[in-house]
Amino acid sequence: MYSFMGGGLFCAGVGNILLVISTATDYWMQYRQSGSYMHQGLWRYCLPGKCMTLTDSIAYWDATRAFMILSILACFFGIIIGVLAFINYSSFNGFDKTFAAGILYFMSCFFVLLAMAVYTGMTVNYYGKRYGNWRFSWSYIMGWVSVVLTFFSGIVYQKITILSFISHPHVIPTL
């Protein structure tokens with residue numbers, strides 16, 4: 001079971017790193033305007049040689065930012081609880097740490113999935129109609145990869161919970 005836990009922690013750790021990088025960087029989308037390439041992220045947009053902060057409070061940017069931050073926090077706390085389960089930390093014995101970590105990984109996956117869906121829908125709707133030469137970039141792709149990694153971590157930790165319940169049927173997992 002520890003190899004499953006280690007694999008789940010590894011996926012969650014890489015997923016959380018990708019979430020932080022994706023949220024912080026400025027390459028969610030690239031487009032061409034007036035003969036030069038520009039790119040933007042959740043916090044800034046960049047023209048050739050100059051980056052500026054996004055000061056407009058546009059609802060889909062705000063929603064994407066909020067969901068990405070919630071996803072980072074859920075994954076981070078899931079990793080902490082997952083590490084406590086991995087080292088078999090004895091405090092909170094009535095608290096099933098593998099179950100809680102799995103739920104937090106699923107929550108992280110759900111939040112980043114919401115962020116990516118909001119951003120994708122609004123960007124395709126807006127930029128698809130106004131600019132002919134645009135594309136999603138590597139920060140955006142990292143967000144989608146983190147969806148897969150956090151989902152896989154949740155699956156692994158829930159599988160561990162089921163296996164431990166099968167091997168110890170008298171112990172009921174509680175949150």
Side-chain angles (χ1 to χ4, degrees), residues 1-29 40-44 53-54 57 59-121 136-175:
M1 254 196 287
Y2 284 107
S3 61
F4 277 138
M5 261 193 229
L9 278 174
F10 178 76
C11 286
V14 171
N16 205 24
I17 290 168
L18 292 180
L19 281 170
V20 170
I21 292 170
S22 174
T23 303
T25 54
D26 301 325
Y27 284 89
W28 278 61
M29 186 195 46
Q40 75 177 31
L42 298 178
W43 311 100
R44 298 186 318 165
T53 303
L54 291 169
S57 182
Y60 87 93
W61 277 336
D62 292 340
T64 304
R65 291 175 191 149
F67 286 134
M68 290 298 283
I69 290 169
L70 286 172
S71 178
I72 290 168
L73 291 173
C75 191
F76 178 74
F77 289 121
I79 289 170
I80 290 173
I81 293 172
V83 167
L84 292 176
F86 186 76
I87 63 172
N88 205 11
Y89 187 67
S90 62
S91 274
F92 310 111
N93 281 336
F95 177 70
D96 188 355
K97 293 177 275 303
T98 57
F99 181 72
I103 293 298
L104 284 168
Y105 296 145
F106 280 134
M107 286 174 56
S108 176
C109 177
F110 179 69
F111 286 140
V112 73
L113 186 62
L114 282 175
M116 300 309 287
V118 167
Y119 188 84
T120 301
F136 292 114
S137 194
W138 59 268
S139 297
Y140 173 82
I141 294 167
M142 281 183 161
W144 280 110
V145 171
S146 67
V147 169
V148 174
L149 290 173
T150 54
F151 181 74
F152 182 70
S153 298
I155 292 287
V156 167
Y157 269 77
Q158 292 308 311
K159 181 72 173 175
I160 292 168
T161 301
I162 292 168
L163 290 175
S164 67
F165 182 69
I166 290 171
S167 64
H168 304 334
H170 60 283
V171 178
I172 299 172
T174 59
L175 243 179

What's the separation between atom [atom1] in [X] and atom [atom2] in [Y], rounded to the nearest 0.5 Å?
X	Y	atom1	atom2	answer
L42	Y60	CG	OH	9.5 Å
F76	L104	CZ	CG	12.0 Å
T98	Q158	OG1	CD	7.5 Å
T150	I72	OG1	CD1	11.5 Å

- Tell me, please, which residues at least two apart from W43 pass ring pair (Phe, Tyr, Trp, His ring centres under 6.0 Å).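 Testing W43 for ring pair (Phe, Tyr, Trp, His ring centres under 6.0 Å), a comparison that skips the adjacent residues, returns none.
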- Query: What are the two closest heavy atoms between A101 and Y157, and how far apart are they?
  - Reply: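 Scanning both residues, the minimum pair turns out to be CB-CD2, 3.8 Å.
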- Message: Testing the basics here: between C75 and S108, what is the closest heavy-atom pair and its distance to 0.1 Å?
- Response: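 Nearest pair, atom of C75 first, then S108: CB-OG, 3.4 Å.
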- Task: Classify the ring geometry between Y140 and W144 as parallel (under 30°), tilted (30 to 60°) or perpendicular (over 60°).
- Result: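 Y140 and W144: perpendicular rings.
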- Message: Hydrogens and angles aside, do S22 and S139 bring a side-chain donor and acceptor to less than 3.5 Å of each other?
- Response: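 Judged by distance alone, the side chains do not pair up.
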- Output field: ring centroids F151/F106 closer than 6.0 Å: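 Yes: the rings meet the under 6.0 Å criterion.
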- Query: Hey, does the side chain of S146 reach the backbone of G143 with a donor-acceptor pair shorter than 3.5 angstrom?
  - Reply: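 Checking the backbone N and O of G143 against the side chain of S146, a donor-acceptor pair under 3.5 Å is found.
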- Is a side-chain donor or acceptor of S137 paired with a backbone partner of M29 at a separation under 3.5 angstrom?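 Pair absent, no side-chain N/O of S137 close to backbone of M29.
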